[in-house]
*Asks:* 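Structure in C-alpha cells, see below.
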Amino acid sequence: MPDPSLPQLRRRLLAWYGRHHRQLPWRPTPQSQIPNSKSEIRTANPYHVLVSEAMLQQTQVATVIPYFDRFVEQFPTVHDLAAADEQQVLRLWQGLGYYRRARHLHAAARVIVDHHAGRVPDTLDELLALPGIGRYTGGAIASIAFGRRAPILDGNVARVLARLFAIDEPTDQPATRDRLWQLAEQVLPRKAVGDFNQAMMELGALVCTPRQPACLVCPLQTLCLAQLAGRQAELPRRSIRHAPKAVRHVIVAIERRGKYLFEQRPATGLWSNMWQMPTHESPDSDAPDSLLPWVRETYGLTCQSAGDQHEFTHQTTHRTIAFSLVRVQVAAGRLLPNRGVWRKLDALDDLPLSNPQRKAVTMLVGEKPTA
DNA sequence: AACTCGGGGGG
DNA sequence: CCCCCAGAGTT
C-alpha cells in the first residue's frame, strides 16, 4: 500500500468504527464519540479487558457475552478472582471450552495481586510475562486498556490485512504470520490505538467476513488490493488441516444408594481439571468389552450392569468422540482412596463438567427420575 | 513447525 | 458436513 494511503485507511476505519461498532459489556465508548474527549478520556476497565480477552481466544463474541457477565458479577475485581478457588473459576467457565484459559486467568490474577499491587500491568513486557497472555492478548490489553501503541494480530486482523495487501501465502504459516505482524504494526496510528485495533477486528467480524465479504459497504473498499482484483473471496488462504481422529469414550455411571461416582480429570490434556463420571477412553476400533474388570481394578468396586446403554457423539477440533453411557450398580467392594466423590445428580452445582459429561448426567436423570 | 486444547455459529 | 472464531503453550 502506498504510504499516502495509510492516513486515509486510519481515518476511514476509525470513522466507520465510530458509527458501526457494537456495544459490548467490556468495551468503553470510542473516544471519537465522546465530547471533550481530550479532557475526559474514558478508559476501559483493565480487569474487564483482561477477562474478556482471555474468554475471546478462539471464541466468538456472541458466545462470550453471557459468560463474561456472569464472571465479573461473581468476581468483580482482580482481588476477588485471585481469592477464589480454581474450582469456582472452572465452574463459571463450564461450557466455554479451552479450560486451560480459565486456570491461566486465575493464575494471572494471583500474580497481579501478589506482584503488581492488584493493578493489571500496563506495559507489553509485563503483560507477556503473565500466564495465558501471548502476543495478541498482550497487545490487546496494552492498546485497549492503556492506549499503548501495540499491534495485534488475530483471525479477523489477519483476514483484513491479507485482503488489503493481497497476501497469497497461507496466513497460518509462521513466515506469513511474521509479515502480517509487521503490517499490523505499520498500519497502527499513533493515537486512538485501542479504537483502531478494535476497529480492525470489528471490520473483520461485521464486513470483511470469511465468506461473502460485504465489500460494497466496506470503508476500505477502494484501498483493498484483493477487492480491486476481484479476489476477495479467495483470500486469505490457509494450509490444509488434518481430519479429526475417531475415538470411543465409555462413561460408567457407577451408582450406590442413589449417588454416583465423580472424579477429577488430570491437570493436563483434554478437559484438564474438569470433573467426570469414570470414563474409559480407547481408540474407536477397540471394543470395550472388559468394562467391569476395569472398574474393579481402577476403583476397587465390583459392579453389575443396570439399565440401558445410551450413545451419542461429541465433536471437537481434533477428535470425533463416540460416547457410550453405561449405568452400573455397586455390588461389593470399597472405593479406593482419593478415587472420587459420591454425589446425587441434583447436587452437582459446584463440580465443573465438560459438555458431554453434562449431557450424560441429563440422560441419567431422564432415564431414572428418582429412586 | 507441528500439535494440542472445546465448543458453537453459520454456510 | 465443513470452516471459522478477539490464541497460547508445548514438543
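Just so we're on the same page: letters track the sequence lines, and every chain starts at 1. FYI, side chains are in, hydrogens and waters are out, and symmetry mates aren't considered; it's all heavy atoms of this structure.
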*Asks:* Just wondering, are more than 12 heavy atoms of other shown residues or ligands nearer than 6.0 Å to CZ in A:R22?
*Replies:* yes
*Asks:* Suppose we call a contact any N or O donor and acceptor under 3.5 Å apart; does that hold for the side chain of A:T59 and the base of B:dG6?
*Replies:*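 Per atom types, the contact qualifies.
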*Asks:* Specify the separation, in whole Å, of atom CD of A:Q198 and atom C1' of C:dA6.
*Replies:* 9 Å
*Asks:* When all nucleic acid strands are considered with a 4.0 Å heavy-atom cut-off, which category describes A:P356: base, sugar-phosphate, or nothing?
*Replies:*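 Contact class for A:P356: sugar-phosphate only.
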*Asks:* Going from SG on A:C218 to CD on A:Q227, what distance comes out if it is rounded to the nearest 0.5 angstrom?
*Replies:* 8.0 Å
*Asks:* Quote, to the nearest angstrom, the P distance that separates B:dG8 from C:dG9.
*Replies:* 24 Å
*Asks:* On a whole-Å scale, what distance lies between the C1' atoms belonging to B:dG6 and C:dC3?
*Replies:* 16 Å
*Asks:* Has A:E73 got more than 12 heavy atoms of other residues, nucleotides or ligands less than 6.0 Å from its CD?
*Replies:*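 Atom CD in A:E73 is not packed in, count stays at 12 or less.
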*Asks:* What is the distance, rounded to the nearest whole Å, between atom CD of A:Q173 and atom P of B:dC3?
*Replies:*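 To the nearest whole Å, that distance equals 13 Å.
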*Asks:* Below 4.0 angstrom from OP1 or OP2 of B:dG6, is there any side-chain N or O of A:W93?
*Replies:* no
*Asks:* Strictly by Watson-Crick or wobble contacts shorter than 3.5 Å, is anything paired with B:dC5, and which nucleotide is it?
*Replies:* C:dG7
*Asks:* On the side chain of A:T316, is there an atom forming a donor-acceptor pair with the base of B:dG7 - under 3.5 Å, no angle test?
*Replies:*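 Absent.
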*Asks:* Categorize A:L24 for me: base, sugar-phosphate, or nothing, with a 4.0 angstrom heavy-atom threshold over every strand shown.
*Replies:* base
*Asks:* Which nucleotide sits closest to the side chain of A:L270: B:dG6, C:dC3, C:dA6?
*Replies:* B:dG6
*Asks:* Provide the distance between the two C1' atoms, one in C:dA8 and one in B:dG9, to the nearest whole Å.
*Replies:* 23 Å
*Asks:* Under 6.0 Å from the six-membered ring centre of A:Y98 and within 45° of its axis: does the NZ or CZ of A:R100 meet both?
*Replies:* no
*Asks:* Does a side-chain N or O from A:Q58 land closer than 4.0 Å to OP1 or OP2 of C:dG7, or not?
*Replies:*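 Checking A:Q58 against C:dG7: at least one side-chain N or O falls below 4.0 Å of OP1 or OP2.
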*Asks:* Between C1' on C:dC5 and CD on A:E202, what's the gap in Å once rounded to a whole number?
*Replies:* 14 Å
*Asks:* Within the 4.0 Å heavy-atom criterion, would you say A:T317 contacts the bases, only the backbone, or no part of the nucleic acid?
*Replies:*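 Counting heavy atoms under 4.0 Å across all strands, the contact made by A:T317 includes a base.
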*Asks:* With a non-hydrogen cut-off below 4.0 angstrom, is A:S354 in contact with a base, only sugar-phosphate, or nothing?
*Replies:*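 Here A:S354 touches the backbone only, sparing every base.
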*Asks:* Nearest to the A:R319 side chain among B:dG7, C:dA6, B:dT4, which nucleotide is it?
*Replies:*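 Nearest listed nucleotide: B:dT4.
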*Asks:* Strictly under 6.0 Å, is that where the ring centroids of A:H310 and A:F323 end up?
*Replies:* no
*Asks:* Within residues 145-161 of chain A, which residues have any heavy atom lying less than 4.0 Å from an atom of DNA chain C?
*Replies:*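 Contacting residues: A:D154, A:G155, A:N156, A:R159.
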*Asks:* Can you confirm whether A:D114 is buried at CG, in the sense that more than 12 heavy atoms of other residues, nucleotides or ligands lie under 6.0 Å from that atom?
*Replies:* yes
*Asks:* Between C:dA6, B:dG9, B:dG6, which nucleotide gets closest to the side-chain atoms of A:Y99?
*Replies:*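 Between C:dA6, B:dG9, B:dG6, the one nearest the side chain of A:Y99 would be B:dG6.
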*Asks:* Can you check whether any acceptor in the base of C:dG7 is under 3.5 Å from a donor in the side chain of A:Y136, or vice versa?
*Replies:*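 Under the 3.5 Å cut-off, the side chain and the base do not form any donor-acceptor pair.
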*Asks:* Base, sugar-phosphate, or nothing for A:G95, non-hydrogen atoms under 4.0 angstrom?
*Replies:* sugar-phosphate
*Asks:* Could you list all N or O pairs between the protein and nucleotides 9-11 of chain C that sit under 3.5 Å apart?
*Replies:*
{"unit_1": "C:dG9", "atom_1": "OP1", "unit_2": "A:G132", "atom_2": "N", "d": "2.5"}

*Asks:* With A:E185 as reference, evaluate A:R179, A:R149, A:R135 under the salt bridge (Lys or Arg N to Asp or Glu O under 4.0 Å) test and give the passing residue.
*Replies:* A:R149
*Asks:* Give the C-alpha distance, both sets of side-chain angles, the deciding distance and a yes or no for salt bridge (charged side-chain N to carboxylate O under 4.0 Å, His left out) between A:R91 and A:D350.
*Replies:* CA-CA 7 Å; A:R91 186 59 182 76; A:D350 60 324; over 6 Å; no
*Asks:* Among the candidates C:dC4, B:dG6, B:dT4, find the nucleotide nearest to the side-chain atoms of A:R238.
*Replies:* C:dC4
*Asks:* Parallel, tilted or perpendicular: which describes the rings of A:F75 and A:F71, with under 30° parallel and over 60° perpendicular?
*Replies:* perpendicular
*Asks:* Is the number of heavy atoms from other residues, nucleotides or ligands within 6.0 Å of NE2 (A:H79) greater than 12?
*Replies:*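 Counting other residues, nucleotides and ligands, NE2 of A:H79 exceeds 12 neighbours.
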